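Written out below as structure tokens is the structure these notes cover.
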Amino acid sequence: NAGVTQTPKFRILKIGQSMTLQCAQDMNHNYMYWYRQDPGMGLKLIYYSVGAGITDKGEVPNGYNVSRSTTEDFPLRLELAAPSQTSVYFCASSIQGTGELFFGEGSRLTVL
Amino acid sequence: SQKIEQNSEALNIQEGKTATLTCNYTNYSPAYLQWYRQDPGRGPVFLLLIRENEKEKRKERLKVTFDTTLKQSLFHITASQPADSATYLCATLGGATNKLIFGTGTLLAVQP
């Protein structure tokens with residue numbers, strides 16, 4: 001099993017550009033999450049989904065959008081990139097909302 | 001709202017010794033606490049979950065305790081090895097979404 005796969009691993013954006021971070025899982029998990037990790041700040045929840053067609057905001061959703069058209073995929077969209085969105089983004093999935101999370105390897109985004 | 005606090009200072013120990021990492025929560029006693037390991041440039045990997053009614057949980061050289069009086073969980077690695085060097089994250093349900101929130105992690109460095 002591949003688990004949780006994120007692409008791209010690295011990306012540099014200019015201010016105002018848009019992009020989508022891709023996330024796919026092959027474990028048939030209903031729950032999926034996007035976190036960002038900044039140095040010394042820990043992981044912060046951006047958006048989460050409890051199943052196909054259902055998404056909800058996390059702690060830091062501003063500047064991001066998500067969709068969940070299938071169980072497997074949970075892309076994260078940045079519409080107008082800002083320097084404050086420079087971070088490492090992690091996608092994760094879980095069988096249920098209270099269980100262990102399975103993380104991808106992360107996508108490092110730099111906005112200049 | 002619930003917060004997770006971990007010692008941000010790195011912990012340096014000698015190989016063979018027991019490493020003890022601390023996780024404190026600020027408000028209500030959570031139903032459980034989770035511990036993850038994160039290596040540089042990688043996503044967090046789940047290690048152990050301990051429930052509120054469990055005082056102690058073991059897995060190979062790892063041991064986790066949960067003290068609801070002190071609002072604290074301790075994570076122990078016995079007979080530590082240089083390969084145990086990593087950042088260890090504590091997590092529990094919390095925040096406005098009642099989804100998994102993380103501490104900032106503690107960096108463990110095991111010297112040979």
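Remember, it's a predicted structure, so these values are computed and weren't measured experimentally. Residue numbering restarts at 1 for every chain, and letters A, B, ... go by the order of the sequence lines.
Heavy atoms of B:L100 lying under 4.5 Å from chain A belong to its backbone as well as its side chain. B:I4 does not touch chain A: none of its heavy atoms, backbone or side chain, sits under 4.5 Å away. With a 4.5 Å cut-off on non-hydrogen atoms, A:Y35 touches chain B through its side chain but not through its backbone. At a 4.5 Å heavy-atom cutoff, A:K9 makes no contact with chain B through either its backbone or its side chain.
Heavy-atom neighbours of B:K71 NZ from other residues, nucleotides or ligands within 6.0 Å: above the threshold of 12. Around the CZ atom of B:R51, the shell of radius 6.0 Å holds no more than 12 heavy atoms that belong to other residues, nucleotides or ligands. Within 6.0 Å of CG on B:L70 lie more than 12 heavy atoms contributed by other residues, nucleotides or ligands.
A single hydrophobic cluster is seen to contain both A:Y47 and A:L78, as judged by linkage of ILVMFWY side chains at heavy-atom distances under 4.5 Å, directly or through other members. With hydrophobic clusters built from ILVMFWY side chains whose heavy atoms lie under 4.5 angstrom apart, B:L49 shares a cluster with A:Y31. A continuous path of ILVMFWY side-chain contacts below 4.5 Å connects B:L62 to B:L108, so both sit in one hydrophobic cluster. In terms of hydrophobic clustering, with Ile, Leu, Val, Met, Phe, Trp and Tyr side chains grouped at heavy-atom distances under 4.5 Å, A:L45 and A:V50 are assigned to a common cluster.
A donor-acceptor pair under 3.5 Å is formed between the side chain of A:E105 and the backbone N or O of B:G43.
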If you apply the rule side-chain contact (heavy atoms from CB on, under 4.5 Å), what do you find for B:R42 with A:F103, and how did you get there? CA-CA 9 Å; B:R42 309 293 297 274; A:F103 283 86; over 6 Å; no
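From A:L101, atom CG reaches atom CZ of B:F102 across 5.0 Å, with rounding to the nearest 0.5 Å. We find the OG1-CD distance between B:T87 and A:Q37 to be 8.5 Å, quoted to the nearest 0.5 Å.
Here the closest heavy-atom approach between residue B:P44 and residue A:L43 is recorded as CG-CD1, 4.0 Å.
With chain B as the partner, the residue from A:P39, A:G99, A:A92 showing the most heavy-atom pairs under 4.5 Å is A:G99.
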